[in-house]
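Within every chain, numbering begins at 1; the chains are lettered A, B, ... in the order of the sequence lines, protein sequences first and strands thereafter.
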Amino acid sequence: MTPLINALACLLALLPASFLWTSPRSIARYGISQALILLCFMLFTFFTGDMEDPMMEFYPLKMWAFCLCVSTLTLTKKRTFFMTLAQGLWFWIVFFGSLSLAYRGEPVNNLSMILLFFGMIGVQFFKQNPKEISLGILIYWVGIWMLF
Amino acid sequence: MVKKLFIVGLILLIPGIWTLFQALSIGPASWALDQSLFWGTPIVNFVFWIGLAHAGTFLSAILLILEVRFQKRISLVAELSTIAAILVASIFPLIHLGIVSRFYFLIPFFNERNIFANFSSPLIWDFVAIFVYLCISIFYIVTHLLSLKHASLLKTRKVLAWILFPLVLWVHTIVSLDFAVTTNNLWQGAYFPIYFILGALFSGLALVVFLLEVQKRRVRKIEELLIAASWLLFVFWIWEFFQKGVWHFEVVFFGFVIVQLLWIPVLRKQKAFRLFVSFSVLISMWLERYVLIIPLDIEWLPVDYGWFALGIGLFLSVFFGLYLLIQKHNPLVFYVSAEESNEKYSRKVLWGILAGAVVFALLYFALNYPLDTSVPLMNWIPVLFPLFSLFAGLSFFALGVYSVVPKKQFFLVSGLLVLILGGAFGAFYAGGDTNLGVESKIISVERVSKNNRPVKDLWASRCASCHGLKGEGNRKFIYEFYPEIQDLTLERLNSQGEDSLTQVVLKGRAFMNPFEGRVSEPEARALIRYMYQLAEEKE
Amino acid sequence: MLISKRTFIKSFGALLGGLLLFGCRKQGEKSLSRVRPVSIPDIKKQIKEAMKNQKPLDSLVAIPVPSSLKAFPNATNRFGMAIDLDLCDGCGECVLACNLENNIPLVNEYQASKNNYMHWIELRDQIPVTCFHCGDAPCEKVCPTGAAVHSPDGVSAMVYARCAGTRFCGVNCPIKIRKFNYVDALDEGLQFISNPEVPVREQGVIEKCSLCLHRIQNARLKAKTIGKEFLGENVTTACAEACPKGAILFGNWLDPNSLLYKKARGRGVYTLSSIAPFDPSVVYFKGVR
């Protein structure tokens with residue numbers, strides 16, 4: 001996957017993040033919207049990525065987790081809690097995905113996992129976050145996405 | 001209805017026990033397997049039942065943390081179904097073993113008795129994760145039942161919910177890794193962890209729908225969750241099609257198409273229809289595991305069918321048996337909402353126990369790591385995390401129970417437990433019969449080895465001229481004719497083994513003369529055992 | 001009602017418990033009288049049946065000559081074999097020799113009808129296939145008990161006494177060459193003992209080619225006794241010995257004086273495409289490089 005496509009994926013993941021939790025819906029409708037977003041990411045990966053590359057197997061999931069992470073910035077209640085959960089999901093996907101890929105001889109990128117882990121701890125210290133800090137956290141996530 | 005289902009469970013157990021008996025006495029040949037398909041229907045059923053266990057924890061623990069309101073009404077049923085489903089699930093991998101009595105080889109004890117589990121194997125992770133999950137689930141439900149009387153336990157319940165939250169996801173993730181790490185193309189996939197977790201939740205939700213209907217209750221939110229999960233899973237099936245080109249129409253039909261009928265209000269109002277959907281989901285999820293694990297057409301044997309009776313029978317009898325038992329003590333317990341309290345642990349206790357758990361996990365790692373440095377660090381985490389959870393969960397549970405139960409009773413029960421566990425550990429440490437091979441049973445050396453008298457004489461007359469009376473070597477004689485004789489040590493004897501050494505005595509090797517005809521085979525074997533004795537005396 | 005519900009449940013529980021205990025009871029002692037006398041026609045018959053229904057073979061791919069193992073970079077030995085496909089005509093003599101050498105049990109009629117034989121060497125598309133003793137073996141990685149381990153001299157070994165029969169190794173073997181003992185061969189009278197040096201495997205364990213480990217160990221002891229460093233001289237496997245065309249070579253990939261090492265010079269070295277990523281010790285020779 002070229003850096004350009006990776007950046008495009010980042011933008012695509014940012015797109016639904018802002019209006020994910022804005023309108024109240026039933027659980028089923030939330031589920032469907034999540035599923036459709038995930039489907040979009042999968043289609044994107046399928047058409048732009050090299051499907052022979054095992055890293056692509058969990059690429060749409062990573063996009064989904066990234067999208068959920070960013071979407072927590074729009075929350076008003078229990079923001080820190082959901083930020084931690086969303087980063088936990090991202091960490092989970094990367095950690096166990098890499099673990100299974102390691103058995104196939106793929107290199108493991110430890111740094112992204114460590115950064116995500118520290119991100120989970122880090123957000124605990126920003127209970128009342130002004131806009132600047134939200135922006136900082138967003139940049140932190142985009143950085144993880146783009147560099148690793 | 002509850003009693004009827006309990007009886008149905010007991011009746012189903014009759015063929016179930018027959019199946020168990022067949023499987024244990026005949027071994028893996030009793031169900032459909034061959035030399036290219038080594039994992040069969042027990043593994044399918046294992047993944048299915050462990051998946052069912054998850055929704056219980058999801059609905060009670062995770063929703064407790066997320067502070068979802070409907071959780072309070074159904075938590076006890078959900079927790080009970082978790083316990084019953086884990087019990088059923090844990091039977092299958094045990095039966096599946098080629099030699100069931102060696103199941104303890106999979107326990108990652110320290111390197112005691114030279115049994116060292118391979119920390120790279122997902123089966124070890126599985127064993128630890130499921131064991132800890134079962135323990136903490138039991139703590140959780142016991143805390144729940146106790147908290148009905150002692151409100152101070154509500155804070156323990158919340159803490160245990162926090163421990164269960166990652167643990168339950170962990171369990172099915174590890175189950176998915178059993179497949180994802182293999183060389184089988186159809187099982188590979190870095191997306192498997194999330195895919196399996198969703199599948200587990202989906203099937204578990206369907207089970208809870210059924211269990212609530214038995215109680216003549218209905219929680220609309222769970223039906224909503226069912227629809228949401230069906231969509232997410234559907235997307236994963238599409239992704240699997242993109243990845244591997246496999247598409248299972250029957251799975252999609254039962255698991256997705258039928259669930260969508262819940263959108264029609266007329267149908268959704270019918271109790272029968274809701275039950276139909278929940279069974280359809282269960283069938284779909286069972287099929288999903290089946291087509292994954294057994295992609296070929298195989299001919300089923302009676303035991304393959306028997307697993308259904310065993311699984312369903314055991315689940316129904318355990319679940320409804322416990323249900324009736326609990327209801328007898330407290331008839332309204334399943335209908336009242338669980339309480340909530342804002343009381344919290346003091347920070348000191350919280351951090352103290354968590355730090356203790358971290359230290360425990362690290363200590364375990366530090367003691368084990370030097371034994372097997374070939375395992376990548378990443379592969380240790382799946383063992384360390386459940387151990388960490390177990391330590392933390394046990395501490396919080398003990399702390400909570402200690403505060404409400406009479407001291408005498410607490411110390412009696414915990415002392416008894418320590419005694420039992422210590423005894424089990426001691427028995428394990430002492431070990432049993434290490435006589436493993438078949439052929440060592442075949443040839444009896446009793447005749448010549450009794451009291452060691454005849455063997456000693458035999459040694460003196462046949463061997464001592466070169467090897468010395470104590471096996472130290474008759475230097476005077478050897479130096480004239482032969483090179484240096486080997487030292488008699490246990491290590492050297494063990495490295496060659498009784499069988500091959502017996503052959504050496506009979507057939508000779510290098511400078512050792514053949515003794516066939518002069519000593520019989522049992523005598524030769526007895527001589528070797530005598531050498532072990534000499535070596536032991538020496539050391 | 002003749003019996004109360006309570007009595008019914010109690011007696012039912014006792015019945016279940018009893019059945020369970022009965023199921024878990026210890027099996028009787030095995031006795032030598034069950035050992036079948038060695039009958040070469042019987043063994044040959046099953047080999048012939050197996051050769052009639054051969055499994056398909058993956059494509060062959062070229063690989064470099066095996067060198068030091070990653071796990072044991074300082075070892076002086078890495079035993080292995082080469083099967084010369086230019087000489088091999090798929091006669092099946094190696095299978096027979098292997099069966100006799102390693103006391104490989106016969107299978108019962110049911111297993112035979114499903115084409116499940118215990119043979120450690122199989123012919124697939126007329127090419128002998130056996131365990132490739134991969135240096136980076138997938139089976140060893142997933143074995144939970146450490147029964148499948150690599151010896152420092154390159155043999156992917158099987159410790160039968162440690163095997164609990166989870167069959168994960170069999171699942172993870174890309175060519176499915178590992179064999180599981182589904183039945184108790186001694187009990188069913190399918191076991192013969194033609195070589196007392198090789199132990200009889202119990203029901204419930206996996207077995208596979210050991211590169212005639214007992215022969216290697218014997219030669220090693222001999223060398224140790226006379227105080228020489230052992231590099232795999234004067235030893236060969238049963239299949240290599242039996243091959244009428246001399247197509248199978250056994251040797252030490254790390255010893256420049258080994259016949260195997262010398263013969264590999266200039267030859268095309270191949271393996272199965274599914275095995276190629278795992279650094280096999282047993283390879284095929286075909287054509288020239």
Side-chain angles (χ1 to χ4, degrees), chain B residues 10 13-14 17-18 20-29 33-36 38-39 93 96-103 105-106 115-118 120-124 126-127 178 181-184 299 374 436-439 441-443 483-484 486 496 499-500 502-504 509-512, chain C residues 9 12 16 19-20 22-24 29-32 55 71 111 114-118 138 140-146 160-168 170-174 176 179-184 186 193 196-197 199-200 202-206 214 217-218 221-222 224-227 274:
Chain B
L10 287 182
L13 263 189
I14 297 170
I17 294 291
W18 174 83
L20 200 59
F21 169 66
Q22 284 282 312
L24 285 174
S25 57
I26 301 177
L33 289 178
D34 60 33
Q35 296 291 11
S36 53
F38 290 108
W39 281 2
H96 154 90
L97 290 182
I99 301 174
V100 181
S101 56
R102 289 186 186 170
F103 78 93
F105 284 17
L106 271 73
I115 295 165
F116 183 58
N118 174 9
S120 282
S121 172
L123 290 188
I124 298 293
D126 245 352
F127 191 95
D178 286 350
V181 304
T182 61
T183 59
N184 184 339
E299 197 184 322
S374 66
L436 287 163
V438 174
E439 68 270 55
K441 285 178 193 154
I442 294 170
I443 302 154
E484 180 95 15
Q486 295 287 346
Q496 297 169 55
D499 299 314
S500 59
T502 307
Q503 293 304 316
V504 170
R509 160 160 59 199
F511 292 97
M512 170 83 188
Chain C
I9 292 174
F12 193 85
L16 289 188
L19 273 176
L20 205 67
F22 182 67
C24 300
E29 298 275 303
K30 309 282 184 295
S31 76
L32 198 60
K55 290 177 196 160
Q111 298 286 352
K114 294 207 297 179
N115 203 18
N116 285 337
Y117 297 96
M118 298 298 291
E140 291 162 12
K141 264 189 217 162
V142 298
C143 172
T145 59
Y160 303 124
R162 265 197 179 187
C163 180
T166 62
R167 308 193 281 291
F168 207 166
V171 165
N172 210 19
C173 177
K176 298 279 181 289
K179 304 289 171 166
F180 184 69
N181 283 283
Y182 281 108
V183 298
D184 192 335
L186 264 179
I193 297 180
E197 280 195 83
V200 171
E202 304 165 69
Q203 179 186 13
V205 302
I206 286 259
H214 52 287
Q217 290 300 79
N218 285 346
L221 280 179
K222 217 174 224 171
K224 265 190 180 170
T225 315
I226 55 174
S274 53

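Residues C/V205 and B/I99 have side chains in contact (heavy-atom distance under 4.5 Å, counting atoms from C-beta outward). Contact of the B/W39 side chain with the C/F168 side chain is registered, since non-hydrogen atoms from C-beta on lie closer than 4.5 Å. Under the 4.5 Å side-chain criterion, counting only non-hydrogen atoms from C-beta, B/L106 is in contact with C/T166. In this structure the side chain of B/H96 reaches within 4.5 angstrom of the side chain of C/R167, judged on heavy atoms.
Only the side chain of C/P138 has a heavy atom closer than 4.5 Å to any heavy atom of chain B. When heavy atoms are compared at a cutoff of 4.5 Å, B/T183 approaches chain C by way of both its backbone and its side chain. Proximity to chain B (any heavy atom under 4.5 Å) is shown, for C/N218, by both the backbone and the side chain. Of the two parts of B/Q496, only the side chain, counted from C-beta on, holds a non-hydrogen atom closer than 4.5 Å to a non-hydrogen atom of chain C.
Comparing C/G146, C/G170, C/C173 by heavy-atom pairs within less than 4.5 Å of chain B, the highest count is held by C/G170. The candidate with the highest count of non-hydrogen atom pairs below 4.5 Å against chain C, out of B/Q35, B/Q503, B/Q22, B/R509, is B/Q35. Taking chain B as the reference chain and counting heavy-atom pairs below 4.5 Å, the highest number among C/G165, C/C143, C/P144 is found for C/P144. When each of C/E140, C/M118, C/K179, C/E197 is scored by its heavy-atom pairs under 4.5 Å with chain B, the top score falls to C/K179. Between chain C and the options B/S101, B/G27, B/S36, heavy-atom pairs under 4.5 Å are most frequent for B/S36. The residue among B/P28, B/A29, B/A23 with the most heavy atom pairs within less than 4.5 Å of chain C is B/P28.
Evaluation of the ring-ring contact (aromatic ring centres under 6.0 Å, His included) rule for B/F127 yields no partner, not counting sequence neighbours. Residues that satisfy the ring-ring contact (aromatic ring centres under 6.0 Å, His included) test with C/F180, not counting sequence neighbours, are C/Y182.
Rounded to the nearest 0.5 Å, atoms CG (B/N184) and OG (C/S274) are 11.5 Å apart.
Heavy-atom minimum distance, B/L33 versus C/N116: O-ND2, 4.3 Å.
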